[in-house]
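What you see is a predicted model, and the numbers here were worked out from it, not measured in a lab.
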Amino acid sequence: MAVALRPAPTASGTASAGPFEVGDTDTEDGWSLEVESVRVRSGDHVSRTHPAIGLTWGFGERFELSLGSGYGISAFDKGQRRHGAHDLELAFKWALREASDAAMGIAIEPGVSLPTGDRDAGLSEDEAVLEVPVRFSRPVGQGRWTGQAAWSRAMRSHEPAWSVGVAYERPLTRTLTLGAEAIHEQVADDAASALQRGNLGVSWTPHPQWEVAGRVGRGWRHA
């Protein structure tokens, strides 16, 4: 489960933070700040992030730079807990084409995760990871579909992985939007590592410069 609160004092006066793991193809102008709280449970292992903070700078109408990290708590079996920082994440987003009724939106957002987090708390990947997601989106009727395909590679172990996902969003009112997404990811050539997730998301925009968004979901791992 993840909940994000995003004040966005951008030059254009709009915010486009979303509740989904599948990213969008839009970009903003100016600065925006996202504060997120996340809780994930896997068996007896529960991890929380309080908070994860992301800073984004949009420029040139088609580009964004983002920087993010967070502080987390991992609770293992027998009541053991560990605290520590998450990895530092850097990303560059390029909107190749804006989505419209006549054209499909296209964006690419290569990024790197640096192993700055706490390994003992299970909050670090232990090595730098490069990820390159490509996204496609298009409005259909009153809603919007977004598809994402991503490739990643661990820089030290050279282990590649890939994922695909699709999300659908539909506004219910001028300020309230609901949606759902499905994601599949796995290490290349390792079917046993396959993991699927499904999420339901909601976003509320009470003011053009504020957005509150959240999602709840479940994952399935197949041997």
Side-chain angles (χ1 to χ4, degrees), residues 1-30 32-36 38 54 56 58-64 66 91-111 131-151 162-186 194-220:
M1 180 174 65
V3 178
L5 172 64
R6 184 173 186 175
T10 62
S12 61
T14 61
S16 61
F20 302 108
E21 295 181 65
V22 173
D24 57 36
T25 58
D26 300 328
T27 56
E28 302 177 31
D29 288 330
S32 62
L33 176 68
E34 181 173 352
V35 181
E36 185 177 43
V38 182
T56 300
F59 61 97
E61 296 184 355
R62 291 180 177 269
F63 305 102
E64 283 183 355
S66 61
F92 171 75
K93 184 176 181 180
W94 180 15
L96 300 173
R97 187 169 63 191
E98 184 178 354
S100 67
D101 292 336
M104 180 178 294
I106 304 174
I108 183 172
E109 190 173 6
E131 183 176 24
V132 183
V134 180
R135 303 184 188 116
F136 306 89
S137 67
R138 187 160 190 174
V140 178
Q142 295 183 340
R144 173 170 172 154
W145 287 96
T146 302
Q148 174 175 293
W151 172 89
W162 60 271
S163 67
V164 292
V166 61
Y168 177 74
E169 303 170 82
R170 178 168 179 169
L172 297 184
T173 68
R174 185 177 58 86
T175 60
L176 187 66
T177 300
L178 297 180
E181 67 179 347
I183 300 165
H184 173 97
E185 62 182 22
Q186 71 177 72
L195 175 66
Q196 290 89 37
R197 292 190 301 281
N199 296 315
L200 298 176
V202 59
S203 64
W204 176 50
T205 311
H207 186 275
Q209 290 187 326
W210 288 89
E211 180 170 1
V212 181
R215 71 174 179 266
V216 60
R218 179 165 182 157
W220 296 267

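In this structure, Leu176 and Trp204 approach most closely via the heavy-atom pair CD1-CB, 4.3 Å. Minimum interatomic distance between Pro19 and Ser203 (heavy atoms only, all atoms of both residues): CD-CB, 4.3 Å. The heavy-atom pair separating Phe20 from Arg215 by the smallest distance is C-NH1, 4.2 Å. Among all heavy-atom pairs drawn from Ala150 and Glu131, the shortest one is CB-OE2, 3.7 Å.
Residue pairs meeting the side chain to side chain donor-acceptor pair (under 3.5 Å) criterion with at least one member in residues 93-106, sequence neighbours excluded: Asp24-Lys93.
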ring-ring contact (aromatic ring centres under 6.0 Å, His included) between Trp220 and His184, intermediate numbers included: CA-CA 10 Å; Trp220 296 267; His184 173 97; over 10 Å; no
Side chain to side chain contact (heavy atoms under 4.5 Å, CB included) between Ser66 and Glu109, intermediate numbers included: CA-CA 10 Å; Ser66 61; Glu109 190 173 6; 4.1 Å; yes
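In this structure, the side chain of Arg135 does not engage the main chain of Thr25 through any donor-acceptor pair within 3.5 Å. Looking at Thr27, its side chain does come within 3.5 Å of a backbone N or O of Glu61 through a donor-acceptor pair.
Partners of Thr146 under the side chain to side chain contact (heavy atoms under 4.5 Å, CB included) rule, at least two apart in sequence or in another chain, are Val22, Ser137, Arg144. Residues forming a salt bridge (Lys or Arg N to Asp or Glu O under 4.0 Å) with Arg197 (at least two apart in sequence, or on another chain): Glu21, Glu185.
Interatomic distance, OG1 of Thr205 versus CZ of Arg174, reported as 9.5 Å (0.5 Å rounding). Atom-to-atom distance recorded for Gln196:CD and Gln186:CD is 8.5 Å, nearest 0.5 angstrom.
Exactly one residue among Glu211, Glu169, Arg170 makes a side chain to side chain contact (heavy atoms under 4.5 Å, CB included) with Thr177. That residue is Glu169.
In this structure, Phe92 and Phe63 have parallel ring planes: the angle between them is below the 30° cut-off, well short of the 60° mark.
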